[in-house]
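The structure appears below as structure tokens.
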Amino acid sequence: MKKPPALFRRDKNRIIKHSKNKRLEFVLASENDFAEQVRNADIIFLAGGKTFRLVKKLSKFPDLERSFKNKIVVASSSGVYVLSKYFCTNFPPKLGKGLGILNIKTFCHYDQKTYGKWLKKLIAHKKSLPILTLPNYKWVVIYK
């Protein structure tokens, strides 16, 4: 069996550290088993990483929004972008289209000084939608 990637181990250890006395089971997603893994999960964590690759891979699951129903979905960075209708990445700045599970535009790792002009581009991009800007180490809870 392959050793889980370092980022999976890092995230798992962080969650365990802050989940005192909870019985948790972690499963690293695989493309072949993803639909079944989502069905069996109570919580799905979409981590950061390679945004456009993640959008492409998850777009292969047309019922993803329905599969997420009654689940807790946690996302950081690229995971947030995947859930959004449109987004702007940072490294380098680039506009993109997510899966639209949340009908918003997002900009993670946002700071006005560095990305102010890109926020204006995101606002003007395609149709008018609510904008979510998330500076580093900030989070938001969205109920759907």
Hey, does [Y] have a side-chain heavy atom less than 4.5 Å from the side chain of [X]?
X	Y	answer
K97	K126	no
I101	V73	no
L58	L46	yes
I72	D42	no
C88	L119	no
F45	S76	yes

Got more than 12 heavy atoms from elsewhere within 6.0 Å of NZ, K94? no
Tell me whether K17 at atom NZ has more than 12 heavy atoms from other residues, nucleotides or ligands lying less than 6.0 Å away. no
Closest heavy-atom pair and its distance - [X], [Y]:
X	Y	answer
L54	A47	CD2-O, 4.0 Å
K105	K127	NZ-O, 2.8 Å
Q37	V27	NE2-CG1, 3.2 Å
S78	T51	OG-OG1, 2.6 Å
P93	Y115	CG-CE2, 3.9 Å
C108	N90	O-ND2, 2.9 Å

Point-to-point distance, once rounded to the nearest 0.5 Å, from [atom1] of [X] to [atom2] of [Y]:
X	Y	atom1	atom2	result
K22	K20	NZ	NZ	10.5 Å
L28	K12	CG	NZ	10.0 Å
L134	T106	CG	OG1	7.5 Å
K85	L102	NZ	CG	11.5 Å
R9	F26	CZ	CZ	14.0 Å
W118	I123	CH2	CD1	13.5 Å

Assigning hydrophobic clusters by single linkage (Ile, Leu, Val, Met, Phe, Trp, Tyr; side-chain heavy-atom cutoff under 4.5 Å), is [X] placed with [Y]?
X	Y	value
Y81	L83	yes
F68	L132	yes
I131	Y110	yes
V82	V140	yes
F34	I43	no

Give me the ring orientation class for H125 and Y86: parallel if the planes are under 30° apart, tilted from 30 to 60°, perpendicular past 60°. perpendicular
On the 0 to 90° scale, with breaks at 30° and 60°, tag the F52-F87 ring pair as parallel, tilted or perpendicular.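 The rings of F52 and F87 sit tilted, inter-plane angle from 30° to 60°.
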Donor-acceptor pair, D111 side chain versus T114 backbone, under 3.5 Å?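 Checked: pair present.
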Do the side chain of K71 and the main chain of V38 share a donor and acceptor less than 3.5 angstrom apart? yes
D63: salt bridge (charged side-chain N to carboxylate O under 4.0 Å, His left out) partners, not counting sequence neighbours: R66
For R14, give me all partners under side chain to side chain contact (heavy atoms under 4.5 Å, CB included), at least two apart in sequence or on another chain. R10, D11
